[in-house]
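What follows is a set of notes on a single structure, which appears directly below.
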Amino acid sequence: MIFITWNVNSITARQSHVEQLLESYEPDIFCMQETKIIDDKFPREMFTQRGYEVEIYGEKSYNGVAIASKEALSGVTRGFKVEIAAGSRRLIAGEIGDLKVLNIYIPNGQAVGSEKYYYKLEWICALKKHIEENYKPSDQLVVCGDFNIAPEDIDVYRPQEWNGAIMASAEERKHLNDIKDWGFIDVFRSHHDEGGLYTWWDYQRGAFRRNAGFRIDHVWATQPLADKCAGVIVAREMRELERPSDHAPVVAEFEL
DNA sequence: ATGGTGGATGGTCCA
């Protein structure tokens, strides 16, 4: 089973790239973030024409998440049960048989100490509560998406220069790690122990050319599912295309 | 120190 998560940075701007990704990898499940479009305007046909079902939760201009899958999702939920302040469309979940999928777009947080940073922390706390109330560590659960956090210094280009700034600060890392401790394995990291492997590069200053990136897009699996993970890669070639997303897809294979 | 880029939008905001 091929599983992909990708922050597309606008589904309309990235339509041809998404088509290329679907043709290259033929994912069974494809989770998207930052679709940036209201549900009525989402290009569903791109998926339905290729035999995918698609579940969406979008808004105008910002945020927005979606899941395309060869088999239809059941039990689809959108957002937290009780939305927190400034609730935005950043979470969609569903199930295929025994497999549970939770696709998230954690707020960026702008800068450590800013209002948006505290919203980011609050959102992560709400996510933890949501997971505790709706899942068990013994479930076959995958949580994926743009977490906007590089979990460790190894996930950051020149961490000494970044020095605890946004996406790498101790407080957001701790909040995220509290969720991981509930029962997740970072399956990319369990298959790769080296540094220099990133999923996001700033559009500015030739960051991709210099591999000045961050590993902020993740696939986390509970132990029963992580045991079935055969491999995880970053599809860097999607970042090399003309007018790319600033993120590259993360592709995981599970033997289900 | 600043600005550099990109998407949605039609001002700026967000990343």
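Lettering follows sequence order; numbering is per chain, from 1.
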Task: Spacing of Ile149(A) atom CD1 relative to dA15(B) atom P, expressed in whole Å - done: 14 Å

Open item on the list: side chain to side chain donor-acceptor pair (under 3.5 Å), that's the test. Do Tyr203(A) and Asn9(A) meet it? Break it down for me.
Closed with: CA-CA 12 Å; Tyr203(A) 282 125; Asn9(A) 188 15; 3.0 Å; yes

Task: Parallel, tilted or perpendicular: rings of Trp162(A) and Phe214(A) (30°, 60°) - done: perpendicular

Open item on the list: Taking any heavy-atom pair under 4.0 Å as a contact, classify Tyr105(A): base, sugar-phosphate, or nothing.
Closed with: sugar-phosphate

Open item on the list: Pick the closest DNA chain B nucleotide for Arg205(A) and for Pro107(A) by heavy atoms, then say which residue is nearer the 5' end.
Closed with: Arg205(A)

Task: dG7(B) and dG11(B), which share atom name C1', separated by this distance in whole Å - done: 15 Å

Open item on the list: Rounded to whole Å, please give me the gap between CG in Asn7(A) and P in dA8(B).
Closed with: 12 Å

Task: Parallel, tilted or perpendicular: rings of Trp6(A) and Phe30(A) (30°, 60°) - done: tilted

Open item on the list: Using whole Å, what does the distance between atom P of nucleotide dC14(B) and atom CZ of Arg89(A) come to?
Closed with: 18 Å

Task: Atom P, compared across dA15(B) and dT9(B): separation rounded to whole Å - done: 15 Å

Open item on the list: Side chain of Thr12(A), heavy atoms from C-beta onward: which of dG4(B), dG7(B), dA8(B) has the nearest atom to it?
Closed with: dA8(B)

Open item on the list: If you assign Asp202(A) and Ile11(A) each to the DNA chain B nucleotide with the nearest heavy atom, which residue ends up on the more 5' nucleotide?
Closed with: Asp202(A)

Open item on the list: Below 30° counts as parallel, above 60° as perpendicular, anything between as tilted: where do the rings of Phe42(A) and Phe47(A) land?
Closed with: parallel

TODO: To the nearest Å, give me how far apart OH (Tyr203(A)) and C1' (dG6(B)) are.
DONE: 5 Å

Open item on the list: Among dG6(B), dA15(B), dA8(B), which nucleotide has an atom closest to any side-chain atom of Arg243(A)?
Closed with: dG6(B)

- [ ] Compare side-chain N and O positions of Arg14(A) against OP1 and OP2 of dG7(B) and report whether any pair is under 4.0 Å apart.
- [x] yes

Open item on the list: Rounding to an integer number of Å, can you tell me how far Glu115(A) CD sits from dC14(B) C1'?
Closed with: 14 Å

Open item on the list: Using whole Å, what does the distance between atom P of nucleotide dA8(B) and atom CZ of Phe42(A) come to?
Closed with: 13 Å

Close N or O pairs between protein and nucleotides 9-13 of chain B (under 3.5 Å):
residue	atom	partner	partner atom	Å
dC13(B)	O2	Tyr62(A)	OH	3.4

TODO: Starting from P on dC14(B), measure out to CG on Asp246(A) and report it in whole angstrom.
DONE: 16 Å

Open item on the list: Does this structure show an ion pair linking Arg189(A) with Asp155(A), if we count only N-O contacts that are shorter than 4.0 Å?
Closed with: yes

Task: Interatomic distance where CZ belongs to Arg90(A) and P belongs to dC14(B) [whole Å] - done: 11 Å

Open item on the list: Asn63(A) and side-chain hydrogen bond (donor to acceptor under 3.5 Å, both in side chains): which single residue from Glu34(A), Arg89(A), Arg90(A) fits?
Closed with: Arg90(A)

TODO: Hey, can you tell me if Tyr198(A) and Tyr157(A) have their rings parallel, tilted or perpendicular (30° and 60° cut-offs)?
DONE: perpendicular

TODO: Please state the C1' separation for the pair dC14(B) and dA1(B) - nearest whole angstrom.
DONE: 23 Å

